[in-house]
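This one's a predicted model, so the numbers in the text were calculated from it and none came from an experiment.
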Amino acid sequence: MQRLAVFIRESQTWSQAHRGTDLLRRVADALRQHLDIDAGMFVYRRRFVPNHFGQLDTRVRVYHAWGLCASLEHLDSLLPQSPWYLGSSSFFCSQAWAPLSTLPSPWQHLFEQSDISYVGAWPLLDAYSRTICAMVLGSRSSRPADDEELLSLCASQISLVAELLVERRKAEDVSRRDPLTGIFNRRGLLHFLPTVQQDAARRGATLVVGVLDVNAFKQINDQYGHARGDDVLLDVAQTLSSAIGESGIAARFGGDEFVFVWCVQGKTAEEVRQETIRQFMDKS
């Protein structure tokens, strides 16, 4: 079990990964260097943290393949014929080495081209024991009798670290959002601002930054109560987010103050200001 001990020591650095894809890269390096795995890839669905538009990337793709004579794009194209990803959120992992004859023709041919003779898949699990990733491995020769158990233990270790990373990413996402309105707070705006700037540069668009607050907000709270004041803030956040859509981001900076960054084409800052005002004209 010396190889497993080395592998686990290596895994102590995995918690430094900031993203799931970074973790998979570190795991791929360890499998290659410490367990002598000739080829491999991860069939994985990113699933837990939305982007700055609030969207989840739910595509299943191949990550960090090594030892295979194919690009990631080609591997992705073969996933509908994969014996490991069954569609929806369903994965199949035999946790055992098998000869290539058990694979569908396209995958069999691909592994043959890569001089691989045996293939197996091991599951990475979440906290509810649901398979979130198929760790597909290839070997040029037969493996020792205890190898399958060793790789199962490795998969359990990877699953533990991956779930800790997921929970950390979720906590980071919560820390960037205003708990009342659900839109970004100051921290979230500053975190995603470079991404919005890159989007604007790629599209050849202009960024307009705006600040708005609610007139006589203290009077609303005093006269109608704080629950009504919260309703007003929620409505402002929803109206602003709906107006911007996928062309920027909005944030609550505190109290009744909101900031937005709007990526526009063919509009001046004054036109954006007037358009923003129109969104609130029928509010009472």
Side-chain angles (χ1 to χ4, degrees), residues 14-29 41-65 71-77 79 132-133 162 165-179 181-212 236-254 257-277 279:
W14 295 347
S15 61
Q16 300 169 11
H18 295 290
R19 303 179 65 86
T21 53
D22 183 26
L23 171 62
L24 297 181
R25 178 188 58 78
R26 293 169 184 253
V27 171
D29 291 342
M41 62 183 183
F42 299 92
V43 181
Y44 177 59
R45 180 199 296 275
R46 297 167 64 186
R47 72 198 194 288
F48 49 87
V49 177
N51 62 14
H52 55 293
F53 297 139
Q55 301 168 330
L56 283 172
D57 183 356
T58 59
R59 293 172 293 173
V60 174
R61 287 178 285 178
V62 173
Y63 291 87
H64 299 294
S71 66
L72 288 179
E73 292 76 11
H74 182 59
L75 294 173
D76 284 340
S77 71
L79 282 181
I132 59 173
C133 173
L165 175 60
V166 167
E167 293 305 316
R168 188 177 73 193
R169 291 290 308 282
K170 287 180 178 178
E172 290 173 350
D173 184 64
V174 169
S175 75
R176 299 185 186 116
R177 295 186 180 275
D178 173 50
T181 64
I183 66 173
F184 291 120
N185 54 22
R186 182 192 302 261
R187 180 180 181 182
L189 180 70
L190 296 177
H191 176 80
F192 284 110
L193 182 57
T195 302
V196 177
Q197 290 174 313
Q198 292 169 9
D199 289 345
R202 185 175 62 253
R203 294 162 52 185
T206 300
L207 284 182
V208 174
V209 179
V211 180
L212 64 86
V236 171
Q238 292 168 0
T239 301
L240 191 58
S241 296
S242 178
I244 295 173
E246 296 184 6
S247 298
I249 53 176
R252 181 186 176 202
F253 259 38
E257 187 176 76
F258 295 80
V259 175
F260 63 87
V261 181
W262 204 330
C263 180
V264 298
Q265 291 178 308
K267 295 181 182 179
T268 66
E270 176 60 22
E271 288 172 328
V272 171
R273 187 179 78 88
Q274 292 296 333
E275 185 173 336
T276 304
I277 291 174
Q279 298 292 327

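- Note: Arg176 CZ to Phe184 CZ = 8.5 Å, rounded to the nearest 0.5 Å.
- Partner Trp262 forms a side-chain contact (heavy atoms from CB on, under 4.5 Å) with one of Thr276, Leu240, Leu207, Thr206 and no other, that one being Thr276.
- The distance from atom CD of Glu257 to atom CZ of Arg252, rounded to the nearest 0.5 Å, is 10.5 Å.
- Taking 4.0 Å as the cut-off between side-chain N and carboxylate O, Lys170 and Asp173 do not count as a salt-bridged pair.
- Listed here is the closest heavy atom pair of Phe260 and Ile244: CB-CD1, 3.5 Å.
- A distance of 5.0 Å separates CZ of Arg203 from OG of Ser247, quoted to the nearest 0.5 Å.
- The line from CG of Asp22 to NE2 of His64 is 7.0 Å long, rounded to the nearest 0.5 Å.
- When every heavy atom of Ala237 is checked against every heavy atom of Ile183, the shortest pair comes out as CB-CD1, 3.9 Å.
- Shortest non-hydrogen contact noted between Asn185 and Ser175 is ND2-O, 2.9 Å.
- Residues passing the salt bridge (charged side-chain N to carboxylate O under 4.0 Å, His left out) test with Glu275, sequence neighbours excluded: Lys267.
- Here the OH-CG distance, from Tyr63 to Leu75, works out to 13.0 Å after rounding to the nearest 0.5 Å.
- Annotation: salt bridge (charged side-chain N to carboxylate O under 4.0 Å, His left out) contacts of Glu271 (sequence neighbours excluded): none.
- Checked against Val209 for a side-chain contact (heavy atoms from CB on, under 4.5 Å), the options Val259, Leu193, Leu189 give a single hit: Val259.
- The CZ atom of Phe192 sits 11.0 Å away from the CZ atom of Arg187 when rounded to the nearest 0.5 Å.
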Task: Leu212 vs Val236, side-chain contact (heavy atoms from CB on, under 4.5 Å): CA-CA, chis, key distance, verdict - done: CA-CA 10 Å; Leu212 64 86; Val236 171; 3.8 Å; yes
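- By the 4.5 Å heavy-atom criterion applied to side chains, Ser77 and His74 are counted as neighbours.
- For the pair Arg25 and Asp29, the salt-bridge criterion is met [side-chain N within less than 4.0 Å of a carboxylate O].
- When every heavy atom of Leu23 is checked against every heavy atom of Ala17, the shortest pair comes out as N-CB, 3.7 Å.
- Under the salt bridge (charged side-chain N to carboxylate O under 4.0 Å, His left out) criterion, Arg273 pairs with Glu270, sequence neighbours left out.
- Annotation for Gly20 and Arg169: closest pair N-NH1, 4.3 Å, computed over non-hydrogen atoms.
- Between Gly248 and Val196, the closest heavy-atom pair is CA-CG1, 4.5 Å.
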